[in-house]
Colleague: 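Would you mind keeping the following structure in view while I ask a few things?
Note that ligands are numbered from 1 as they come in the structure, with each ligand's atoms numbered from 1 the same way. Given the structure is predicted, the values throughout are model-derived calculations rather than measurements.
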Amino acid sequence: MANFHLQLPYKITAFSASASPNGSPPGVPQSKGPAILELPLDKIRRPLMRTRANDPHKVKQLMESISEIGLQVPIDVLEVEGEYYGFSGCHRYEAHQRLGLPTIRCKVRRGTKETLRHHLR
Ligand code: ADP
């Protein structure tokens, strides 16, 4: 049987220039849907990181898989007033950290401070 290898553009590395879906200037579009951005790990604030432990086995499996085939599903990130916040995708984030990868592919939605407060409740 033929063996197909799916090649996806997961190696976008530019932080500022990568990503808006409509070719508009860098950043997250105001009125459009989420943008896919390759963000540096250290630009993503993770306010709940200390309160939730990851499953080390899951992280290890993700590290192996991400090394082999890359991140297949971006993590969700909220952008509020130019700052990025991550509340989920914790195992994928840690896998990237442990692999020493500088950036992670994110699905970025823009929100308000009220949205942020809602996530922190
Ligand atoms: P997380 O805390 O990151 O959401 P989970 O273990 O709950 O961790 O889910 C892992 C997620 O990572 C799944 O949604 C899966 O589809 C996604 N994923 C993205 N890239 C990969 C990959 N290369 N190998 C395995 N899962 C991947």
Side-chain angles (χ1 to χ4, degrees):
M1 195 197 293
N3 189 10
F4 293 102
H5 184 76
L6 184 61
Q7 296 236 321
L8 297 170
Y10 283 113
K11 297 239 163 117
I12 299 167
T13 51
F15 168 45
S16 59
S18 51
S20 81
N22 57 3
S24 60
V28 183
Q30 288 277 359
S31 56
K32 311 261 177 194
I36 304 296
L37 295 175
E38 191 80 21
L39 294 177
L41 295 192
D42 60 10
K43 294 266 179 204
I44 305 169
R45 298 174 179 219
R46 302 197 65 91
L48 306 178
M49 191 136 88
R50 287 198 189 86
T51 59
R52 291 179 188 171
N54 284 338
D55 176 342
H57 181 64
K58 268 192 188 180
V59 173
K60 192 164 174 291
Q61 285 189 325
L62 277 167
M63 286 171 69
E64 286 169 12
S65 178
I66 290 166
S67 301
E68 205 176 311
I69 61 171
L71 184 65
Q72 301 293 301
V73 182
I75 62 167
D76 289 315
V77 166
L78 179 68
E79 191 252 325
V80 178
E81 297 182 1
E83 301 287 346
Y84 297 99
Y85 298 88
F87 297 96
S88 59
C90 308
H91 294 87
R92 280 165 281 174
Y93 183 89
E94 185 177 337
H96 276 65
Q97 274 184 321
R98 290 185 183 276
L99 286 168
L101 297 171
T103 62
I104 185 165
R105 197 166 170 81
C106 301
K107 186 196 269 188
V108 184
R109 285 189 179 78
R110 179 166 275 183
T112 62
K113 285 203 163 154
E114 181 51 34
T115 324
L116 184 57
R117 272 195 287 277
H118 175 78
H119 279 278
L120 292 170
R121 256 179 232 149

Colleague: Any idea which residues sit under 4.0 Å from ligand 1, heavy-atom distances?
Modeller: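 Shell around ligand 1 (4.0 Å, heavy atoms): K58, L62, S65, I66, I69, G70, L71, Q72, V73, G89, C90, H91, R92.
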
Colleague: Identify, with sequence neighbours excluded, every residue that meets side-chain hydrogen bond (donor to acceptor under 3.5 Å, both in side chains) alongside S65.
Modeller: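 Testing S65 for side-chain hydrogen bond (donor to acceptor under 3.5 Å, both in side chains), a comparison that skips the adjacent residues, returns none.
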
Colleague: Taking C90's backbone N and O only, do any of them form a donor-acceptor pair with N54's side chain (distance below 3.5 Å, no angle check)?
Modeller: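 The answer is yes, because a donor-acceptor pair under 3.5 Å joins these two groups.
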
Colleague: With a 4.5 Å heavy-atom cut-off, do T103 and L41 have their side chains touching?
Modeller: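 T103 vs L41: side chains apart.
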
Colleague: Can you name the ring-ring contact (aromatic ring centres under 6.0 Å, His included) partners of H118, sequence neighbours left out?
Modeller: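 Per chain and number, H118 pairs via ring-ring contact (aromatic ring centres under 6.0 Å, His included) with no residue.
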
Colleague: Check whether any side-chain heavy atom of Y84 sits under 4.5 Å from a side-chain heavy atom of L39, and report yes or no.
Modeller: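 Yes, their side chains come closer than 4.5 Å.
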
Colleague: Restricting to pairs with a member in residues 53-62, which pass salt bridge (charged side-chain N to carboxylate O under 4.0 Å, His left out), not counting sequence neighbours?
Modeller: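 Passing the test, one end in residues 53-62: K60-E64.
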
